[in-house]
Every structure is written in structure tokens, then in C-alpha cells.
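The first residue of the sequence shown is numbered 1, and numbering continues consecutively from there. Values below: every heavy atom of this structure, side chains too, minus hydrogens, waters and symmetry copies. What you are looking at is a predicted structure, and each value in this text was computed from that prediction instead of being measured.
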Amino acid sequence: MKKKIVSVMMAAALAAALAGCSGELSNDYVTVTQYKGLEVPQPTPAEEVTDEQVEQVIQSNLSASSTQEEITDRAAQEGDVVNIDYTGSIDGEVFDGGSAEGADLELGSGSFIGATDDYAGFEEQIEGHNIGDEFDITVQFPDPYDRNPDMSGAVADFHIVLNSISKTVTPELTDEWVQGISEKSKTVDEYREEIRSQIEDNMQASVEAELESSVQTALMENVEVKEYPEERVEELTQQMTDYYTQLAGMYGMELGEFVETYLQTTEEDFNAQIDESVRQGVALEEALKLIAEKQRLEPSDKEYEEAIAAYAEEAGVDDVETYTEQVGEDEVKLAVLRDKVTEYLVDQCIQVEQSDTSGAE
């Protein structure tokens, strides 16, 4: 009898031990059934940086250093930047969105209405005019015209006042220019290597971001949601709604109009997408908190300070306190925790090489 009791106790202990090794974590909101050894697709390795890529970045940086040189001794021509006032009308009636004052336009950029079989383009008809000229042009909207279908194929007159003409002057790639823009390089050759390193770092960061995203996706496949912390859901929903409302305001639109015009969806579907996205994010937060607690991954004060300083630098904010106030201290701390736990999950994951079946029948 005593032997049987001992056997039962051993079996119970073994069951308890197995349960403890299952890796399952739980709180009031979620249960994490697995977080170690998550299988994820092996990310595509970063490609070797080419000379062409380096030169493209350098040319972009040169363009960013361009200046505008005012032109007063000739007429406007393709490539110039003109500053104009214009008023558009159809059949003598001024239409909404067809007028502006002090607008800069690069001739030849294709930013304004282009040519049709019957009418020259908006920009073409400004070429040849001088500063102070006041003139009228006629153009035809494309058909179809996606930005405003009601205007498709319409013929419009524009009254133009040419205020100024300038041209873009791009600096040459010289040692002197390099010394003025780089904190590391003194010569053109050194700058090329600096840019190459930057591109390599960006490519590697992209690979790491892909892996982190895959790990979080795999984790969520092992998260069972009991209920959502509704207060947090409401908070994040409001943040996202405020963001899109501000974005709509930059386009001079109400949120509903912006959603339908630029996001190509209904406001109802948009709200549903936000709700789904927020709830997934909240569930992920809860899962990461559980893992952080279990694995004692709560960042130290020093880690918080270093991470927040890095976030602020990436955001282009010089003062850490200002950045923290803008984002919110709790949100910043959550971001630091998320990054640290995700790094842990990446270290623990199993990367599975993807077979190339693109040519298989």
C-alpha cells in the first residue's frame, strides 16, 4: 500500500513538473501557450550594396543641399521653378480647388494638368513668359480624372500671374562639400564608404525588423484572448482616430471625406479596421508583459534612459524630456519593454529556411 501511495505521489509530481515546463503564461486578459522556440520564416539576407546604390544616395543628398537662384534676365523655361498666382474657371465660373496665390511650380515636373490632343499642358504654357506677366491659358482635365471624377475631360481657363523665376543649383561632389555635410568623412572617397556603411546598416535593420515582425506574428498565434482591457482599447483607439483626423486636416478635409478619398474605404470599415488593429496590439502588449515578468526582462533604469535617448534621436528630437512629454512616459516605457522582450523572443526562436517553389509545377 505504501509503495502504491509513493507511486501516485511521484506521478503527481511528474505531472506538475510537465505543466511547469509547458511555457504557458496567463493573466486576466490573455493566455500565452508558447513563446520559446517559436518557428518563423528565415528572413531574406541583406544583399551586397552596389556602387549604383551608393551613387543614388549621394545624388539624393546633393539634391537635398540644393539652393534656389533667382532669375531676372530671361523668360521661364523647362526646369525652372516659377512662383505664380492662378485662378481657374470653367465656362466663366471659378471652381473649388482651382485657385492659389504664391504657388511654387517646377516647369516640366508634370505636377499640374498635362497636355491632351487639343490643348497644351499647364506648365508648357507658362514657359516663355517673364516675371510680372499676366496671362490666360486653357487646359483640359484628363479623362478619367481620379482626383475629381466630376472634372473628367472638362476644359478650364486659368488666369496666371508670374511672380518670380528661379532655378535649382545643385552642388558638386567635392571634398569641401563632404566636409560641410559629414561629421566622419573628409574626402569624397571616405564619404562613399560612409554611405555604403549606412546602406548596409539600413539593409540589416530591415532584415532584423522582418524577423521581429515574424516573431510577434508567431507569438500571437499562441495567444488566447480572454477579454480586452477596454480602457486601454479606448485609449489607443482615440490616439489612432486623432492621428487620422489631424492627417485629414492637413488636406483640408473632415475625417470621413479623407477616409473615402485617400484610404478608399468607408468610415464604417475604417473604424472596424482600427478596432481590430488596436485589439491585436493590446493583446500583444499583455502577452509581452507576461513574458517580461516571467523571464525578468523588465528594463533597468539605465536601459530605459539609453533606449529613450535612442528613440528621441531617431525622431529628430534633441531633448529627451521633450520627446517623452510628446509621446507620453507610459507609452515610451511600453515601447522599451516591447523591444527588449521581442529581442528575447528572436534569440529563442527557430528560423525555418523557406523552400523556393516558384518554379515548381
Please check if the number of heavy atoms outside Q56 that lie under 6.0 Å from its CD is greater than 12. yes
Measure from the side-chain N and O atoms of S26 to the backbone N and O of T31, and report whether any donor-acceptor pair falls under 3.5 Å. no
Joint hydrophobic cluster, I308 plus L288, side-chain heavy atoms closer than 4.5 Å: no
Atom of G108, atom of E78 and distance for their closest heavy-atom approach: CA-CG, 4.0 Å
Same hydrophobic cluster for Y119 and F141, using side-chain heavy-atom links shorter than 4.5 Å among ILVMFWY? no
Determine, step by step, whether R232 and E286 satisfy the salt bridge (charged side-chain N to carboxylate O under 4.0 Å, His left out) criterion, reporting the C-alpha distance in whole Å, the side-chain angles of both residues, the deciding distance to 0.1 Å, and the verdict. CA-CA 11 Å; R232 179 61 172 162; E286 293 299 324; over 6 Å; no
Tightest non-hydrogen contact, residues S185 and V178, listed as O-CG1, 3.6 Å
Evaluate the ring planes of Y86 and F112, with Trp represented by its six-membered ring, and classify them as parallel (under 30°), tilted (30 to 60°) or perpendicular (over 60°). perpendicular
Regarding E298 and Y304, do their side chains bring together a donor and an acceptor under 3.5 Å, going by distance alone? yes
Give a yes or no on this: more than 12 heavy atoms of other residues, nucleotides or ligands lie within 6.0 Å of atom CG of D96. no
Flag yes if more than 12 heavy atoms outside Q42 fall under 6.0 Å of its CD atom; otherwise flag no. yes
Side chains of T168 and Q68: is there a donor and an acceptor less than 3.5 Å apart? yes
Heavy-atom nearest pair, S89 first then F95, reads N-CE2, 3.4 Å
Show your reasoning for whether side-chain contact (heavy atoms from CB on, under 4.5 Å) applies to Y344 and I291. CA-CA 9 Å; Y344 167 81; I291 298 168; 4.2 Å; yes
Would you please test I137 and I160 for side-chain contact (heavy atoms from CB on, under 4.5 Å) and show each step? CA-CA 8 Å; I137 65 174; I160 311 287; 4.3 Å; yes
Same cluster or not: are V352 and V346 linked, directly or through other Ile, Leu, Val, Met, Phe, Trp or Tyr residues, by side-chain heavy atoms under 4.5 angstrom apart? no
Is there a side-chain contact between Q295 and K36 in this structure, where contact means two heavy atoms from C-beta onward sitting under 4.5 Å apart? yes
Taking CG in D301 as the centre, count heavy atoms belonging to other residues, nucleotides or ligands within less than 6.0 Å. Is the count above 12? no
Check whether T342 reaches the backbone of E212 with its side chain - one donor and one acceptor, N or O, closer than 3.5 Å. no
Nearest 0.5 Å, what's the CD-CG distance between E285 and L334? 5.0 Å
Worked check of side-chain contact (heavy atoms from CB on, under 4.5 Å) between Q125 and F135: CA-CA 10 Å; Q125 297 184 63; F135 53 96; 5.7 Å; no
CD of E329: more than 12 outside heavy atoms within 6.0 angstrom? no
Answer whether the closest heavy-atom distance between the side chains of V278 and M240 falls below 4.5 Å. yes
Assess, by modelled atom type and distance only, whether the side chains of T138 and D157 contain a donor and an acceptor separated by less than 3.5 Å. yes
Could you tell me whether E321 atom CD has more than 12 heavy atoms of other residues or ligands within 6.0 Å of it? no
Is there a side-chain hydrogen bond (donor to acceptor under 3.5 Å, both in side chains) between Q238 and D242 once you walk through the steps? CA-CA 6 Å; Q238 190 62 54; D242 289 345; 2.8 Å; yes
Might you confirm whether atom CD of E101 has over 12 heavy atoms from other residues, nucleotides or ligands at distances under 6.0 Å? no
Quick check for you: to the nearest 0.5 Å, what is the distance between D175 atom CG and D189 atom CG? 8.0 Å
same_hphob_cluster(V155, Y145) at 4.5 Å side-chain heavy-atom cutoff: no
Has the side chain of T217 got a donor or acceptor atom that lies under 3.5 Å from a matching backbone atom of S213? yes
Do NZ/NE/NH1/NH2 and the carboxylate oxygens of R196 and D51 come within less than 4.0 Å? yes
Close side-chain approach of E70 to I165, heavy-atom, < 4.5 Å: no
Let me see the working for S109 and E123 under side-chain contact (heavy atoms from CB on, under 4.5 Å), right down to the final yes or no. CA-CA 8 Å; S109 65; E123 296 168 26; 3.7 Å; yes
Hey, are the side chains of V40 and I350 touching, using non-hydrogen atoms and a 4.5 Å cut-off? no
Which atom names give the shortest non-hydrogen contact between N163 and I131, and what distance separates them? O-CG2, 3.3 Å
Assess the residue pair Y323 and E313 against the criterion (side-chain hydrogen bond (donor to acceptor under 3.5 Å, both in side chains)); give the C-alpha distance rounded to whole Å, side-chain angles, the decisive distance to 0.1 Å, and a yes or no. CA-CA 9 Å; Y323 172 78; E313 183 178 356; over 6 Å; no
Say you draw a straight line from SG of C349 to CG of L219; how long is it, rounded to the nearest 0.5 Å? 11.5 Å
Spacing of S65 atom OG and E172 atom CD [to the nearest 0.5 Å]: 13.0 Å
Find the distance between CG (N271) and OG1 (T241) and round it off to the nearest 0.5 Å. 6.5 Å
Side-chain heavy-atom pair V336, E303 within 4.5 angstrom cut-off: no
Hey, mind stepping through S66 and T170 against side-chain hydrogen bond (donor to acceptor under 3.5 Å, both in side chains) and telling me if it holds? CA-CA 4 Å; S66 300; T170 302; 3.2 Å; yes
Do T87 and V94 have side chains that approach each other closer than 4.5 Å (heavy atoms only, starting at C-beta)? yes
Is the centre of the F122 ring less than 6.0 Å from the centre of the F158 ring? yes
Shared ILVMFWY cluster between V332 and L297, side chains joined below 4.5 angstrom? no
When every non-hydrogen atom of D143 is compared with those of S152, the smallest separation belongs to OD1-CB, 3.4 Å
Please answer whether the main-chain N or O of V161 pairs with a side-chain N or O of D85 as donor and acceptor at a distance below 3.5 Å. no
Which value, rounded to the nearest 0.5 Å, describes the distance between T33 atom OG1 and E221 atom CD? 10.0 Å
Residue E331 excluded, over 12 heavy atoms near CD under 6.0 Å: yes
Can you tell if the side chain of Y244 reaches within under 4.5 Å of the side chain of L263, non-hydrogen atoms only? yes
Please lay out, stage by stage, how S182 and E194 fare under the test side-chain hydrogen bond (donor to acceptor under 3.5 Å, both in side chains). CA-CA 9 Å; S182 172; E194 179 184 343; 2.7 Å; yes
Students often mix this up, so state it plainly: with edges at 30° and 60°, are the rings of F258 and Y251 parallel, tilted or perpendicular? tilted
Is there a side-chain contact between E230 and R279, using heavy atoms and a 4.5 Å cut-off? yes
